[in-house]
Every structure is written in structure tokens, then in C-alpha cells.
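Dumping the structure here so I can ask a few things about it.
Ligands are counted one by one from 1 in listed order, and the atoms in each one are counted from 1 as well. Starting from 1, each residue takes its place in the sequence as its number. If you're wondering where the values come from, they're calculated on a predicted model, not measured in any experiment.
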Amino acid sequence: MQGAYPRLSDAQIAALTGQGDRRGTEPGEILFGEGERDCDFYVVLAGHVASVEGHGTHEERIIGVHGRGRFLGELSLLTGEGSFYTAMALDRGEVLAVSVARLREMIARDPAFGDLVLRAYLLRRSILIGLGVGLRVVGSRYSPDTRRVRDFAARNRIPVRWLDLETDPAAEAMLAQLGVTPGDTPIVIVYGRMFRNPGNAELAAAIGLPAPSAQQAGCDMLVVGAGPAGLSAAVYAASEGMQVTALDSVATGGQAGTSSRIENYLGFPSGISGAELADRAVLQAEKFGARFAVPAEATAIAQDSGYYRVRLADGTSLTSTSVVIATGARYRRLDVPRLDYFEKTSVYYAASQAEALMCHSDPVAIVGGGNSAGQAAIFLSAHATRIALILREHDLSEHMSRYLVDQVKRLPNVQVMVDSEVRELRGDQALEAITVVGSRTGARRVLPARSLFVFIGAVPCTDWLGGLVDLDDHGFVRTGAGALAAASGPDGTEPLPLETNRPGVFAVGDVRSGSAKRVAAAVGEGAMAIRLAFERARPA
Ligand SMILES: Cc1cc2nc3c(=O)[nH]c(=O)nc-3n(C[C@H](O)[C@H](O)[C@H](O)COP(=O)(O)OP(=O)(O)OC[C@H]3O[C@@H](n4cnc5c(N)ncnc54)[C@H](O)[C@@H]3O)c2cc1C
């Protein structure tokens with residue numbers, strides 16, 4: 001909560017006063033409503049304003065009351081999503097209303113003020129996620145589409161309240177009230193509008209996530225993948241004056257966005273959550289003029305008379321003189337029977353706040369011996385009752401950094417099982433238990449587990465490249481000297497570092513052959529690729 005609801009000083013209010021309008025409020029007056037976009041930035045000067053969830057419905061609940069010096073809103077004010085709650089004046093008072101455009105100018109001009117607002121907004125988003133103030137999802141824990149919708153919201157850091165048809169009496173009541181049957185679920189309520197089993201693109205449009213638009217059809221720099229590497233490329237390219245479009249098939253943040261706490265990223269001695277890092281980077285890139293499209297999956301790339309044309313899953317295409325491939329990697333799946341079946345409900349490849357809410361008070365199992373498994377164990381230990389950390393290695397420190405090993409060993413509810421493999425997933429509709437076999441002893445044990453978290457290495461997301469660029473034997477993109485052998489520039493151009501065998505096409509981050517698989521390395525490569533893209537473009 002620290003920093004989520006600061007009060008502006010008189011000096012800060014005085015500085016803002018010249019940028020906006022002061023106006024009186026009446027009790028019950030709505031300053032902005034649920035779903036409203038581009039609302040003003042309000043500072044309370046006198047009286048009180050309440051943040052109200054479900055205003056005017058039988059579920060109405062006050063989630064906060066703000067008095068003099070407090071400012072209203074949360075992250076959606078800056079990201080363009082609709083507001084997740086209503087702001088209502090409680091008494092006769094006064095507010096200062098500043099347009100979002102003016103607010104952005106103030107944030108850019110006054111770093112201390114900018115940081116205060118940004119920090120508060122990021123924390124408020126996190127509080128909303130914890131409270132479940134936002135979208136309503138009614139669906140069964142056994143439904144793959146319910147899981148898909150919840151995952152999509154989680155990756156995009158959209159707050160959701162889930163009403164489980166199997167256990168929550170409020171779910172039945174809600175369906176009756178909406179006049180729909182369990183067969184219509186999952187039902188998603190977005191800003192009061194009902195959607196029956198919406199696709200991710202439909203959901204994104206309803207929430208107000210940035211969709212691909214006609215304006216983005218041509219640009220100087222197309223960044224495919226918006227994890228740390230792609231976000232960094234977008235920030236640096238836009239800050240150098242390039243017209244940049246960055247797209248991502250799921251959400252900004254990539255793998256890092258699924259990490260609860262990154263402790264080894266330079267400049268954040270107490271760590272930073274991947275979600276916060278991603279949100280900050282998106283705002284920074286947008287400040288310089290970068291445009292985002294989410295969800296937008298690249299399905300093919302081709303060279304087309306001096307341009308590269310990237311086709312998207314929705315059938316549209318984008319063209320660009322330079323392309324940064326930053327599609328990273330996705331987690332490898334466990335080789336165990338019935339994984340497909342349980343993946344729809346009980347298997348996770350991320351451990352963020354959203355997953356923690358899903359497995360609250362359950363026994364869980366984590367598979368993997370690397371840093372992401374260690375981080376997941378530390379984070380989930382505060383939520384799950386018991387955790388089995390299962391790894392093939394003989395020693396926890398074989399692939400895990402020392403700082404994580406020490407923390408994991410101190411956790412009373414984490415049982416570390418070395419030399420072990422998961423062989424069986426047990427349960428009817430959802431996971432109930434797993435069978436673990438000791439690789440040295442052959443001993444079999446059945447452990448209760450409602451959720452299984454898998455962190456066992458990654459495979460590159462390069463299917464969409466369709467042979468345009470050279471890949472190594474494991475499917476990662478070759479760059480620089482590594483791509484030299486396959487160089488095919490029109491005049492036999494030698495690839496620059498981070499450049500593929502296609503001039504002007506760069507690969508950065510985890511997708512690149514030989515990359516360090518670290519956030520800092522991905523960010524560094526994203527920045528460097530832009531510098532090299534200028535170098536490549538210079539002779540032309
Ligand atoms: C749980 C976890 C914890 C971690 N903790 C740390 C840590 O503490 N410190 C550290 O240094 N590193 C950590 N890492 C590793 C780090 O997150 C990665 O090295 C880093 O995210 C790589 O960044 P990237 O941008 O190259 O790729 P990614 O993060 O993988 O991002 C790639 C993006 O591309 C998108 N994409 C893929 N295919 C397509 C397509 N066809 N079209 C459009 N978009 C596409 C994906 O949706 C994704 O958003 C962790 C990883 C995980 C999973």
C-alpha cells in the first residue's frame with residue numbers, strides 16, 4: 001500500500017492548478033464511470049470522492065474514499081483502457097480536473113511528480129488485481145475457455161473476479177440474473193457489457209487494449225514480440241525518432257511479465273516484479289511515440305521489394321524497412337501422460353499474482369531446478385499450503401543461483417525433492433495428485449497437488465519465420481558471425497552483430513542463438529539492435 005495513495009503537497013497542487021479547471025462537486029456526482037476512457041486526472045481539493053465498484057448494481061461496493069490532496073484513477077488512465085470503477089463525489093466539495101494530455105506533459109516535465117503518479121498507479125493496479133475489481137468471469141474451473149480468458153487477463157495485468165461455477169453460489173445467481181445457462185459460459189462482463197465465451201481479440205477490443213490499426217501498416221521499425229528485448233527496442237527506436245510498431249501475440253512483458261520478482265536487474269536492489277517492469281517500459285515507449293498492438297500474432301514474414309512484410313493471424317499485414325525479431329521462447333512442456341488434459345485447468349507456466357490467486361490455499365507442485373522454479377517456490381510459498389519442488393538434479397544449486405537456493409531452503413512449507421521426476425498426473429476433472437519417482441532409488445510417491453507449475457527450459461518461438469532467416473540446430477535465430485555462412489544480402493553484405501542473414505532483420509533476446517537468457521541481456525540487445533539498424537540503413 002505504501003505509495004499507492006499519496007497526498008499531493010500544496011506546491012504540487014498549485015503547479016497543477018494552472019493546467020486544469022477547478023470545479024465544485026455535488027453529493028452523488030459521477031466524475032467518471034466504469035468503462036469510461038480518456039477521463040480527466042482529478043485531484044480532490046475539498047470534500048470526499050469514493051471509488052465505487054459496480055455502481056448502481058446490487059453488487060455495489062466502495063473500494064476507497066479520497067479526501068483533500070489525493071488524486072484519482074489508476075493505470076488505465078495512462079494506458080487507454082476503460083476505468084474499472086466509478087469515481088463518485090460523496091459530499092459538496094471541489095476537484096481539480098486536468099486532461100490526460102496535460103498530465104502526460106507534467107509527468108515528462110517533472111520527474112518527481114511523474115514518479116509519484118506512476119508508482120501510485122502501478123500499485124493501485126496491483127491492489128485492484130488482488131481485490132478482483134474489474135472484469136467478471138463466470139465459468140467452471142474445468143472449462144478450458146474459462147482458463148484461457150483468465151490467463152489472457154492475467155498476462156495483460158487486467159483485474160478479474162472469477163466466479164467458479166463449481167463452488168461459488170454467486171455464479172449461479174449471476175447466470176440467473178443475466179438470463180443465461182451454464183452452457184453459455186464462460187461469461188465475461190466487461191464494463192457492464194456481457195460477452196459469451198469471447199475470443200482474446202474480442203476481449204482485448206472490449207477492454208481497450210491497443211489493436212493493430214491501419215496507421216500501423218507501414219513503419220520504419222517493426223518489433224515482433226514485446227518482452228524485455230522488444231520493449232527495449234521499441235523505447236530506443238522511438239526515442240531516436242523512428243516510427244515504431246511493436247506487436248505481441250499475448251501481452252507485453254513476455255516471460256519476464258510472468259515473474260513475481262526479478263532480483264538481478266540492474267538498478268532495482270530490492271527487486272522489481274516483471275509486470276511493473278513491463279508496464280513502465282510500455283509507458284516509456286509510448287511517451288516517445290511507439291505504437292503497440294496486442295494481441296497481434298505474427299504468422300509469416302517475407303521480403304517484398306525493399307521491405308519486409310509481416311503477416312498477422314487476423315489476415316492483415318504490416319510492412320517495414322527494418323524488423324527486430326524478439327519473440328523469445330516459451331516454456332518446454334513436461335513429457336507425462338494426460339498433460340494436454342490437465343493443461344486446460346491445472347498446469348501453469350507462469351507464477352505471478354494472478355496464478356497465486358488461482359491456487360490459493362492449495363497444495364502445489366513445481367517442476368524444475370533453474371532460477372524460475374526457485375523464484376516460483378519463494379513467491380508461491382506465501383499462498384499455497386504446501387509446495388513440492390521437484391527436480392532431476394542431484395543438488396538444488398546445480399542450475400539455481402545461490403541467492404535463490406538459500407531462500408528456498410529456508411521456506412518451511414517447501415519440500416525440495418532432488419533426483420526426482422513427475423511420472424503421472426492424477427485426478428478426474430482437475431489435477432488432484434501427482435506420482436513422483438526417484439531416479440536413483442526408483443521409489444514412487446503420490447503427492448497431493450491441485451496445481452502444477454512447470455519451469456523446465458524453453459523452446460524458441462521461431463515457427464512464424466518460415467525459413468526467411470537462418471536458424472541453428474535448436475531453432476534459435478543465428479546472428480552476426482553465426483549467420484555469416486548463410487549471408488544472403490543482395491551484394492553479399494556481411495551481417496552486423498545481432499543481424500540475421502537478411503539485411504535489416506535483427507534478432508534479440510532469448511530467441512537469438514547463444515543469448516544469455518536474462519532480462520538485462522535482452523534489454524541490452526534490444527537497445528543495441530536499434531543502433532545497428534541505423535548503421536545498416538546509412539549507406540542506403
Ligand atoms: C518465471 C520466470 C522468471 C524469470 N526470472 C528472471 C530473473 O529473475 N532474472 C533474469 O535476468 N531473467 C529471468 N527470467 C528470464 C527472462 O524473463 C528472459 O530471459 C527474458 O524475458 C527474455 O526476454 P525476450 O524479450 O527475449 O523474450 P520473452 O520474454 O520470451 O518475450 C517474447 C515475447 O514475444 C511474444 N511472441 C512470441 N511469438 C510471437 C509471434 N509469433 N508474434 C507476436 N509475438 C510473439 C511472446 O508473447 C512474448 O511476449 C525469468 C523467466 C521466467 C519465465
Can you name the nearest heavy-atom pair linking S317 to R309, along with the distance?
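Residues S317 and R309, closest heavy atoms: CB-NH1, 3.7 Å.
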
Counting non-hydrogen protein atoms only, what is the nearest one to atom 2 (C) of ligand 1? Give residue, atom name and distance.
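Answer for atom 2 (C) of ligand 1: S372 CB, 3.5 Å.
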
In terms of atom number and element, which parts of ligand 1 are under 4.0 angstrom from non-hydrogen atoms of R518?
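Under 4.0 Å from R518, ligand 1 has these atoms: 10 (C), 11 (O), 12 (N), 19 (O).
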
Is atom 50 (C) of ligand 1 touching the protein, meaning some protein heavy atom lies under 4.0 Å away?
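Protein heavy atoms within 4.0 Å of atom 50 (C) of ligand 1 - there are none.
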
For A351, state whether at least one heavy atom is located under 4.0 Å from any atom of ligand 1.
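No.
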
Please classify the A329 to ligand 1 contact at 4.0 Å (heavy-atom distances, strictly less than): side chain, backbone, both or neither.
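It is the backbone that touches ligand 1; the side chain stays farther off.
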
Do side-chain atoms of D362 reach the backbone of V364 as a donor and acceptor pair under 3.5 angstrom?
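It does not hold such a pair.
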
Taking only heavy atoms of E297 into account, list the atoms of ligand 1 that are under 4.0 Å away from them.
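It comes down to these atoms of ligand 1: 41 (N), 42 (N).
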
So V223 and L231, do their side chains get closer than 4.5 Å, heavy atoms only?
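L231 vs V223: side chains apart.
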
Counting heavy atoms only, which of V519, V223, T258, N264 comes nearest to atom 9 (N) of ligand 1?
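It is N264 whose heavy atom sits nearest to atom 9 (N) of ligand 1.
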
Could you tell me if any non-hydrogen atom of A296 lies under 4.0 Å from any atom of ligand 1?
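Distance cut 4.0 Å: A296 passes for ligand 1.
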
Decide yes or no on salt bridge (charged side-chain N to carboxylate O under 4.0 Å, His left out) for R196 and D145, but give the supporting numbers first.
CA-CA 11 Å; R196 286 183 168 86; D145 279 316; over 6 Å; no

Measure S249 to ligand 1 on non-hydrogen atoms and call it side chain, backbone, both or neither using the 4.0 Å cut-off.
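Looking at S249 and ligand 1, atoms from backbone and side chain both fall under 4.0 Å.
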
Determine, step by step, whether E276 and R125 satisfy the salt bridge (charged side-chain N to carboxylate O under 4.0 Å, His left out) criterion, reporting the C-alpha distance in whole Å, the side-chain angles of both residues, the deciding distance to 0.1 Å, and the verdict.
CA-CA 10 Å; E276 180 172 344; R125 174 59 63 92; over 6 Å; no

Is there a heavy atom in Y349 that sits closer than 4.0 Å to ligand 1?
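Contact absent.
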
Are E525 and S515 close enough that a side-chain donor and a side-chain acceptor fall under 3.5 Å?
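No, S515 and E525 have no side-chain donor paired with an acceptor closer than 3.5 Å.
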
For Q255 and Y331, which I'm curious about, is there any donor-acceptor pair between the side chains at under 3.5 Å?
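Looking only at side-chain atoms, Y331 and Q255 do not form any donor-acceptor pair under 3.5 Å.
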
I'd like to know if D151 and R148 make a salt bridge, using a cut-off of under 4.0 Å between side-chain N and carboxylate O.
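R148 and D151: not salt-bridged.
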
Just checking, is any N or O donor in the side chain of R261 or S270 under 3.5 Å from an acceptor N or O on the other one?
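No, no side-chain donor-acceptor pair sits under 3.5 Å.
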
Heavy atoms only, cut-off 4.0 Å: how does Y331 contact ligand 1, side chain, backbone, both, or neither?
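For Y331, only side-chain atoms sit under 4.0 Å from ligand 1.
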
Considering non-hydrogen atoms of the protein only, which is the closest contact for atom 27 (O) of ligand 1, and what is the distance?
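Answer, as residue, atom name and distance: G328 CA, 3.3 Å.
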
A229 and ligand 1 - part of the residue with a heavy-atom distance under 4.0 Å:
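Contact part for A229 vs ligand 1: both backbone and side chain.
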
Below 3.5 angstrom, do we get any N/O pair linking A520 and ligand 1?
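Among all N and O atoms of A520, none is under 3.5 Å from an N or O of ligand 1.
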
Counting non-hydrogen protein atoms only, what is the nearest one to atom 18 (C) of ligand 1? Give residue, atom name and distance.
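Sorting protein heavy atoms by distance from atom 18 (C) of ligand 1 puts D510 OD2, 3.4 Å first.
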
To check your reading of the model: name the closest protein heavy atom to atom 23 (O) of ligand 1, its residue, and the distance in Å.
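Protein heavy atom at minimum distance: P228 CD, 3.3 Å.
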
Could you pull out, from V511, V310, D248, D463, the option with a heavy atom nearest to atom 47 (O) of ligand 1?
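Answer by nearest heavy atom: D248.
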
Please check if a non-hydrogen protein atom sits closer than 4.0 Å to atom 14 (N) of ligand 1.
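Looking at atom 14 (N) of ligand 1, one finds that no protein heavy atom lies closer than 4.0 Å.
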
Distance-only donor-acceptor check, side chains N501 and R478, under 3.5 Å:
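Side chains of N501 and R478: no pair found under 3.5 Å.
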
If you measure from atom 40 (C) of ligand 1 to every heavy atom of N371, V294, L404, T327, which option wins on shortest distance?
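The option holding the nearest heavy atom is T327.
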
Using the rule side-chain contact (heavy atoms from CB on, under 4.5 Å), only one of T245, I325, I301, T316 pairs with V310; which is it?
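Between V310 and the candidates, side-chain contact (heavy atoms from CB on, under 4.5 Å) is satisfied uniquely by I301.
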
Of all the non-hydrogen atoms in the protein, which one sits nearest to atom 30 (O) of ligand 1, and at what distance?
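Looking at atom 30 (O) of ligand 1, the protein heavy atom closest to it is Q255 NE2, 2.8 Å.
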
Backbone, side chain, both or neither: what part of A251 comes under 4.0 angstrom of ligand 1, heavy atoms only?
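Under 4.0 Å from ligand 1, A251 contributes backbone atoms alone.
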
Report yes or no: do E74 and Y121 form a side-chain donor-acceptor pair below 3.5 Å?
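There is no such pair between these side chains.
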
Contact atoms of ligand 1, heavy-atom distance to G509 under 4.0 Å
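The atoms of ligand 1 under 4.0 Å from a heavy atom of G509 are 26 (O).
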
With heavy-atom distances below 4.0 Å as the criterion, list the atoms of ligand 1 near A326.
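Every atom of ligand 1 under 4.0 Å from some heavy atom of A326: 32 (C), 33 (C), 34 (O).
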
Which atoms of ligand 1 are found less than 4.0 Å from any heavy atom of G254?
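Result: 29 (O), 31 (O), 48 (C), 49 (O).
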
Identify whether NZ of Lys or CZ of Arg in R147 sits under 6.0 Å from the centre of the six-membered ring of Y348 and within 45° of that ring's axis.
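Yes; both conditions hold, so R147 lies above the ring face of Y348.
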
May I ask you to identify, for Q375, whether its side chain, its backbone, both or neither come under 4.0 Å of ligand 1 on a heavy-atom basis?
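Side chain only.
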
Counting both backbone and side chain atoms, is some N or O of A298 under 3.5 Å from an N or O of ligand 1?
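Yes.
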
Is it true that the side chains of T252 and R157 contain a donor and an acceptor less than 3.5 Å apart?
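Yes, R157 and T252 have a side-chain donor paired with an acceptor closer than 3.5 Å.
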
Ring geometry between F453 and F455 (parallel below 30°, tilted from 30 to 60°, perpendicular above 60°)
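If you compare the ring of F455 with that of F453, the planes turn out parallel.
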
